Amino acid sequence: VITQSAQIGTGIITRAKIEDAAINNAKIDDLAVNTIKVTDGSISRAESSYGSDAVHINQYNTDITVISKSITVMTNKKVFVQVSYEFYNDDIPSDKITVKLFRGSTLLVSYYCECITEGVMYSFSYSDTPKTSGGTYDESTYTYYLKVNNQTATDFYVRKRSMLLMTTKR
């Protein structure tokens, strides 16, 4: 029985009840936890952006950014991207509109829009794994952009735009 402090260099403890502990590093094969308290942002990270105002899409064959958001990502971790938006105008072209998702200047995915209906919310999800360099716990910040390309002569608007980015930290 140890009734005061003890320092154990190497040892096997078959059973223990620990009332209060500060552990800097641990390798645990099987862990059962009744209650867990995790510091905000220590397991996952989420960033979001919303724009209710209308972005005017009035340039022919030009990628126009309608919403963007940045997130800090650990080396080789996935980023889940969820975007939504609404097209708005009295005379929306029913074709020749492309919605694109970029990470920085890298095109990740492009959707050709057909049969557009005003007042309908459109959305899509994308899972990205940025190729980062560095050690296991190094972090890099990436900015994601939702862009719309109008290949018609008709102006229209994109409103109610949202972007959610999520990643894990460890």
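If you're wondering where the values come from, they're calculated on a predicted model, not measured in any experiment. Only this structure's heavy atoms are used, side chains among them; waters, hydrogens and symmetry mates stay out.
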Measure up the Tyr122 and Tyr85 rings against each other and bin them: parallel (under 30°), tilted (30 to 60°), perpendicular (over 60°). parallel

What distance do Ile57 atom CD1 and Ile97 atom CD1 have between them, rounded to the nearest 0.5 Å? 8.5 Å

Any chain of hydrophobic side-chain contacts (each under 4.5 Å) joining Phe80 to Met74? no

Among Lys160, Arg159, Arg161, whose salt bridge (charged side-chain N to carboxylate O under 4.0 Å, His left out) with Asp53 holds? Arg161

Grouping ILVMFWY residues whenever side-chain heavy atoms fall under 4.5 Å, the cluster of Phe102 otherwise contains Leu107, Tyr145

Tightest non-hydrogen contact, residues Ile67 and Ser49, listed as CD1-O, 3.5 Å

Calculate, to the nearest 0.5 Å, the distance between atoms OG1 and CD1 belonging to Thr14 and Ile12 respectively. 9.0 Å

Minimum heavy-atom separation for Lys77 to Val73, with atom names? O-CG1, 3.6 Å

What pair of heavy atoms forms the shortest contact from Thr129 to Asn76, and how long is it? CG2-O, 4.2 Å

Under 4.5 Å between side-chain heavy atoms, hopping through other hydrophobics if needed: is there a path connecting Val158 to Val109? yes

Sequence neighbours left out, what passes side-chain contact (heavy atoms from CB on, under 4.5 Å) with Asn61? Give chain and number order. Asn149, Gln151

Evaluate the criterion side-chain contact (heavy atoms from CB on, under 4.5 Å) for residue pair Thr72 and Arg45; output intermediate values, then yes/no. CA-CA 8 Å; Thr72 301; Arg45 182 178 286 146; 3.3 Å; yes

Residues Pro130 and Tyr144: closest non-hydrogen pair is CG-OH, 3.8 Å

Please assess Tyr142 against Val79 for the test side-chain contact (heavy atoms from CB on, under 4.5 Å), listing each intermediate value before the final yes or no. CA-CA 10 Å; Tyr142 298 97; Val79 177; 5.8 Å; no

Membership question, hydrophobic clusters at under 4.5 Å side-chain separation (ILVMFWY): are Met163 and Tyr126 in the same one? yes

Side-chain donor-acceptor contact under 3.5 Å, Lys100 with Ser110: no

Measure up the Phe87 and Phe156 rings against each other and bin them: parallel (under 30°), tilted (30 to 60°), perpendicular (over 60°). perpendicular

Give the intermediate values and the outcome of side-chain contact (heavy atoms from CB on, under 4.5 Å) for residues Ile64 and Asn150. CA-CA 9 Å; Ile64 297 174; Asn150 181 9; over 6 Å; no

Closest approach of Thr141 to Ser70 (non-hydrogen atoms, all atoms of both residues): CG2-CB, 4.1 Å

Are Val148 and Val120 linked, directly or through intermediate hydrophobic residues, by side-chain heavy-atom contacts shorter than 4.5 Å (ILVMFWY only)? yes

Write down the atom of Phe124, the atom of Gln82, and the distance for their closest heavy-atom approach. O-NE2, 3.5 Å

I'd like to know if Leu146 and Tyr111 are part of one continuous hydrophobic network [Ile/Leu/Val/Met/Phe/Trp/Tyr, side-chain heavy atoms within less than 4.5 Å]. yes

Whether Thr167 side chain and Lys78 backbone form a donor-acceptor pair below 3.5 Å: yes

